[in-house]
Amino acid sequence: MMSTFNLIISLHMSNKQTKPLDFDRQHVWHPYTSMSKPLPSYFVESAHGVHLQLGSGEKVIDAMSSWWAVIHGYNHPALTKAITEQAAKVSHVMFGGLTHQPAIDLCQKLVELTPEPLQKVFLSDSGSVAVEVAMKMAYQYWFAVKASQPNLYKATDKTKLLTVKNGYHGDTFAAMSVCDPVNGMHQMFENVINKHYFAPAPKTRFGDAWDESELTELKALFAEHHQELAAFIIEPIVQGAGGMRIYHPEYLKACRTLCDKYQVLLIADEIATGFGRTGKLFACQWAAITPDILCLGKALTGGYMTLAATMCTDNVATTVSNSEAGCFMHGPTFMGNPLACAVANASLDLLIKDNWQEKIAAIELQLQQELLPLSAHSQVADTRVIGAIGVVEVKSLVNMSQIQKRFVELGVWIRPFGKLIYIMPPFIISPVELSKVIAAITTVLDENDCFIGE
Ligand SMILES: *Cc1c(COP(=O)(O)O)cnc(C)c1O
């Protein structure tokens, strides 16, 4: 039998013998990847500003902000200071029965920054969980209403959600059940996810003339199913991972109106769009509407820690709290983590202090001038821009490993999916760096081996 000492020695040796990237390929599961035929992973040694330093020697501009999160760039002194100072005080305590300044400060900031009716904050650890929490709040809200008004609602009423196609709300089961049925592979999960209602994706583009007629099916779904509907959930203005589509604010306004008319709660999922990304602090502001429940995440901590928040109105919170259950049935272990809250506070301070409006406006203008014209390219089906988001929809599927390799060679980190090459750079990107990103996209569009046909 191997002694503990020998076991440790042999583990140590095998670590030395396996190169890190080989180990990664053999044992480490990456997002949406096969473990038997993994796509290559690039090794990040460090990161600073907009740059990732790769183990292979290249320094690349991260045009993805690590999936929308790193708005101030990497290794920002103010954020690093906030998190290290907090670590020296208290890194984590349970949130049940205990509280602390970083969480109180953060919730105060969120209440101040968001529209007035959103008064209550529930902190959690990731975007998907924030969506689960939002859905659970909606269910508990109607559970309480039904208990107090049994003549109006049956127990089985108000247990469904309505949403739109091409949405993305996360990967946990409840969140997945309101993602686009095709992208979200609902067929595979048919027997294990709850079934909800789907309206067509919003059609009129942001900036185009509003076409009221696109509301016909949405209105019909509300009219037919409102008795069953607990909530309507939507990503305001920009549908992110479900297709990078940018739609007309009038659509969002109509959603609010229909929710009011039919007694359905409105959940706005601003996990991707929140904190300036679309040119407004929150994308709901494009339509001047307030949801009943708001989900925040991604950029909340400037990309330093995983943290999310679900906010709601006094009405939602009070109704849930005055119900028979008397409390909201959720409480993650790492709820309100002080490190995450401290760095979120620093990130929000920085955002406000650093004049985000000007930065986003400059990025948007440059994207309009340099990225939109790519629509004339023979490989390109469409281009679209809002705030610090740029999308190039191509005509053929991208060859992922090839296009990724070429982007790295060209000094940029862009991770396309399907037919979408899209960027949402850190707000601190310079005009020269942004030009380099757009030039890299232009270069790969000319290269046939970056695409694999329909
Ligand atoms: C990323 C995202 C989520 C899920 O957040 P995670 O932190 O990945 O769980 C939910 N909704 C939207 C709109 C998102 O962009």
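Residue numbers count from 1 along this sequence. Both ligands and their constituent atoms are indexed starting at 1 by order of listing.
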Show me which atoms of ligand 1 lie under 4.0 Å from any heavy atom of Gly170.
4 (C), 10 (C)

What class does the angle between the rings of Phe173 and Phe189 fall in, given that below 30° is parallel, 30 to 60° is tilted and above 60° is perpendicular?
perpendicular

Counting heavy atoms only, which of Gly242, Ala175, Gly127 comes nearest to atom 6 (P) of ligand 1?
Gly127

Is there a side-chain contact between Met311 and Phe122 (heavy atoms, below 4.5 Å)?
no

Is atom CD of Gln26 surrounded by more than 12 heavy atoms (other residues, nucleotides or ligands) closer than 6.0 Å?
yes

The atoms of ligand 1 lying under 4.0 Å from a heavy atom of His169, numbered in the order shown, are 10 (C), 11 (N)

Specify side chain, backbone, both or neither for Lys298, according to which of its non-hydrogen atoms lie closer than 4.0 Å to ligand 1.
side chain

Passing option when Tyr304 is tested against Leu339, Thr80, Val70 for side-chain contact (heavy atoms from CB on, under 4.5 Å):
Thr80

If we ignore angles and hydrogens, is there a donor and acceptor under 3.5 Å between the side chains of Asp292 and Tyr141?
no

Shortest protein contact, atom 8 (O) of ligand 1 (heavy atom only):
Ser128 OG, 4.4 Å

Counting heavy atoms under 4.0 Å, the part of Tyr168 that contacts ligand 1 is both

Validation row: Gln366, Ser435 side chains within 4.5 angstrom (heavy atoms):
yes

Nearest protein heavy atom to atom 12 (C) of ligand 1, by residue and atom, and its distance?
Asp269 OD2, 3.4 Å

